Amino acid sequence: MTSYLLYSLFTALAVLPLLLYKRNRYFFTDLCYAVKLLKVGQRMRKYTQHKQLHSILDCFLDHVRKQPNKTFIVFEDRSYTYSQVDRESNRVARALQTHAGLQQGDTVALFCGNEAHFVWTWLGLFKLGCVVSLLNTNIRSKSLLHCFSCCGAKVLVVAEDLRGAVEEILVNLQEQGVRVFILSDKGEVEGMETLCDKIQQASDQPLSPELRANLNMKSPALYIYTSGTTGLPKAAIINHEKLLAPCFMLAIAGVRSDDIIYVYLPLYHSSGFLIGLCGAIDKGITVVLRRKFSASNFWNDCRKNNVTVVQYIGEVMRYLCNTPKKDNDKDHKVRLAVGNGIRADTWSDFLQRFGNIRICECYGATEGNIGFVNYVGKIGAIGKEHFLQKMAFSYALIKYDTEKEEPVRDSRGFCIKVPPGETGLFVAKIGKRAPFIGYAKNKQQTEKKKLKDVFVKGDLYFNSGDLLMIDREGFIYFQDRIGDTFRWKGENVATTEVADLLQTVDCIEEANVYGVKVPGHEGRTGMASLKLRGDMTFDSKAVYQHIKNYLPSYARPRFIRIQRDLEVTGTFKKMKVKLAEEGFNPAVVQDPLFFLEDNKGYVPMTKEIYKAITDEIIRL
Ligand SMILES: *[C@@H]1O[C@H](CO)[C@@H](O)[C@H](O)[C@H]1NC(C)=O
């Protein structure tokens, strides 16, 4: 450790004059960030060096000892101290130990929305040394069963309000020998046992750490499902070591022990659960938990609870900016927002409207092995490269062929790094410091995320699936997700770019852009699904003029679909694949459709036009 510190310090000193020489205007922020990284690195080492398990649960128990009476969870006008949550989780653990016979290593699926029950049920399960599978509360029937079986859970704990979803698949669960416990004290049915009554009867005395003595940092802790828009969800395996890294994110972002964080992102995903809830536990702070995001209640909630830190995703920030302006927009205590995906224009709007809030963009994937933080706060960037990170990890942006959907290889078969300022596929070397564990019971998908022989024979990289750009100053910009680009007339079109542009037209509130297949044409042509602002109508002239002015012809959406609401996934990512499949056939799509006629503008789509296109009479 000391040698590592000295080495880092020495490097920092050695690099200092050089940096000053180059008049790096980020020198001091870089240095501050280096200190933070070293601190976090040191803690990570402290925890991982020991053979013994030191999990997020142990962090929680430390805070229970140190500050038993501090408020931990605020949920729907009730608040619970660290000690209360601890005792409640003891009861849950004891109830499940007695009635489900759970012991260390068993996997339990938790099907529960954002509520206080979630927190102590999860903690209770960790006290028993169980692996917790966090099921997405939006999924149903076949998908739900799939999630359940791929983590191998033999017990399911379900929230009262999700009873119906489980009843639908109860027969199948019984066939698989799964025991179901519902967080309720009444309504026991065949195959579904009540849990709340059993929790009430259980003792709140602490459980012996011996119950989890066989676990170590490499033992699986959680399964988190990645929200694929195609196919069935995949369960990323998170072990206790991997669980800690995102928990430090709030500390890195500058959260203090007197902060209060607002958590409304779903707890079944890594941003809400790992960064939000577990990050709060790491700092020992108060969590204001909300069932789901509500644009109209957001600021009132923050005011009422003295919230100082919020989490976000890009869409949420835009929804907030789209709410009607109010006199008290700047009246709140929020000083820091941590999240990802905010667009440059929204970022500026947000600051102007809601005041001086530091926005800390970060980039990373649940199953990924490296992340970035925009610690400078430069508008539009998702992160900044840092020399310590460069020293510790190997990563690169490589040339990518969006049509073949594979990296470009040179004559020797190796990948090609893109120069600064150019877009490339982000890949990160898999190694001891940056492990990639993969997906549960899904070797095929796990292998698909690995890229072999990248720069030398036999090396192995994690394929992020994201196209990024790094400028000369080291700022990292998100360009697109693979699949979020389409190729048309030999050109790549980034869907987010077109959508951003469309959203600057008055009548358009939201745009979702994707590529659709057209008979007789290679690649895909652009189509945009639009949500109009208020009660405005589609202003075809204005839209046409705008795209003609700002977009090259190949990037202009040939088809427009007007929707009342744009469908989003559980993490507010826009649905694209389904819309792309539905295409532009007026016989299939009931929403109003428009077609961009060459040199004319948007005209309503008709069966005749559709037929002429598919018969290849109209060439696009
Ligand atoms: C919020 O802060 C104010 C002033 O510091 C205090 O009076 C109030 O009780 C706090 N509210 C909550 C819910 O803690």
Side-chain angles (χ1 to χ4, degrees), residues 56 59-89 112-123 159 204 247 249-251 253-267 271-273 275-313 316-317 319-321 323-339 350-360:
I56 189 72
C59 292
F60 171 73
L61 293 173
D62 285 345
H63 290 300
V64 172
R65 272 187 292 274
K66 275 185 260 168
Q67 45 176 36
N69 298 323
K70 177 162 178 174
T71 303
F72 174 32
I73 301 288
V74 178
F75 179 70
E76 294 185 342
D77 297 323
R78 284 202 63 184
S79 60
Y80 308 87
T81 64
Y82 270 84
S83 162
Q84 282 174 319
V85 173
D86 180 47
R87 279 182 278 131
E88 199 57 32
S89 69
C112 180
N114 283 18
E115 52 177 295
H117 269 303
F118 182 109
V119 182
W120 48 69
T121 305
W122 156 63
L123 285 166
D204 67 358
C247 300
M249 191 51 230
L250 291 186
V255 168
R256 302 185 302 242
S257 57
D258 60 343
D259 273 317
I260 296 175
I261 190 170
Y262 188 52
V263 174
Y264 59 88
L265 293 176
L267 290 177
S271 26
F273 185 78
I275 297 179
L277 180 62
C278 293
I281 290 175
D282 172 55
K283 296 298 295 179
I285 63 173
T286 301
V287 175
V288 177
L289 187 64
R290 204 174 209 288
R291 271 187 197 277
K292 46 164 73 120
F293 169 72
S294 153
S296 52
N297 287 320
F298 189 91
W299 294 109
N300 282 336
D301 271 356
C302 289
R303 277 177 209 116
K304 200 174 95 188
N305 296 293
N306 293 333
V307 168
T308 55
V309 179
V310 297
Q311 283 190 286
Y312 70 84
I313 50 169
V316 157
M317 296 299 243
Y319 296 153
L320 289 174
C321 288
T323 55
K325 280 200 169 71
K326 285 189 180 155
D327 292 339
N328 62 350
D329 277 344
K330 288 194 171 99
D331 168 26
H332 58 77
K333 292 186 177 146
V334 178
R335 62 171 190 90
L336 174 68
V338 185
F350 187 84
L351 294 184
Q352 205 161 49
R353 171 120 182 240
F354 300 107
N356 188 21
I357 298 171
R358 197 163 76 78
I359 293 185
C360 184

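For ligands, and for the atoms within them, numbers begin at 1 and follow the listed sequence. Quick caveat, the model's predicted, so the values are computed rather than measured.
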Working to the nearest 0.5 angstrom, can you tell me the gap between Leu289 CG and Leu267 CG?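 Rounded to the nearest 0.5 Å, the CG-CG separation comes to 5.5 Å.
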
Output yes when a side-chain donor or acceptor of Gln67 lies under 3.5 Å from a complementary backbone atom of Gly284, and no otherwise.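 Checked: pair present.
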
Give a yes or no answer on whether the side chain of Arg291 reaches the backbone of Gly113 with a donor-acceptor pair at less than 3.5 Å.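 Checked: no pair found.
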
Heavy-atom contacts with Lys304 under 4.0 Å: which atoms of ligand 1 show up? List them by number with element.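 Listed by number with element: 13 (C).
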
Shortest heavy-atom approach to atom 1 (C) of ligand 1 - which of Thr71, Thr286, Asn306: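 That would be Asn306.
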
Is atom 14 (O) of ligand 1 less than 4.0 angstrom from at least one protein heavy atom?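 Under the 4.0 Å cut-off, atom 14 (O) of ligand 1 does have protein heavy-atom neighbours.
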
Could you tell me whether atom 7 (O) of ligand 1 has a protein heavy atom closer than 4.0 Å?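 Given the 4.0 Å limit, the answer for atom 7 (O) of ligand 1 is no, no protein heavy atom qualifies.
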
Does an N or O from Asn305, backbone or side chain, lie closer than 3.5 Å to an N or O of ligand 1?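 No: no nitrogen or oxygen of Asn305 is under 3.5 Å from one in ligand 1.
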
Taking the side chain as every heavy atom from C-beta outward, state whether Leu277 and Ile73 have any pair of such atoms under 4.5 Å apart.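 Yes, their side chains come closer than 4.5 Å.
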
Side-chain contact, heavy-atom cut-off 4.5 Å: Val255 with Leu336?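 Counting from C-beta outward, Val255 and Leu336 do come under 4.5 Å.
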
To which protein heavy atom is atom 4 (C) of ligand 1 closest, and what is the distance rounded to 0.1 Å?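 Protein heavy atom with the smallest distance to atom 4 (C) of ligand 1: Lys333 NZ, 3.9 Å.
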
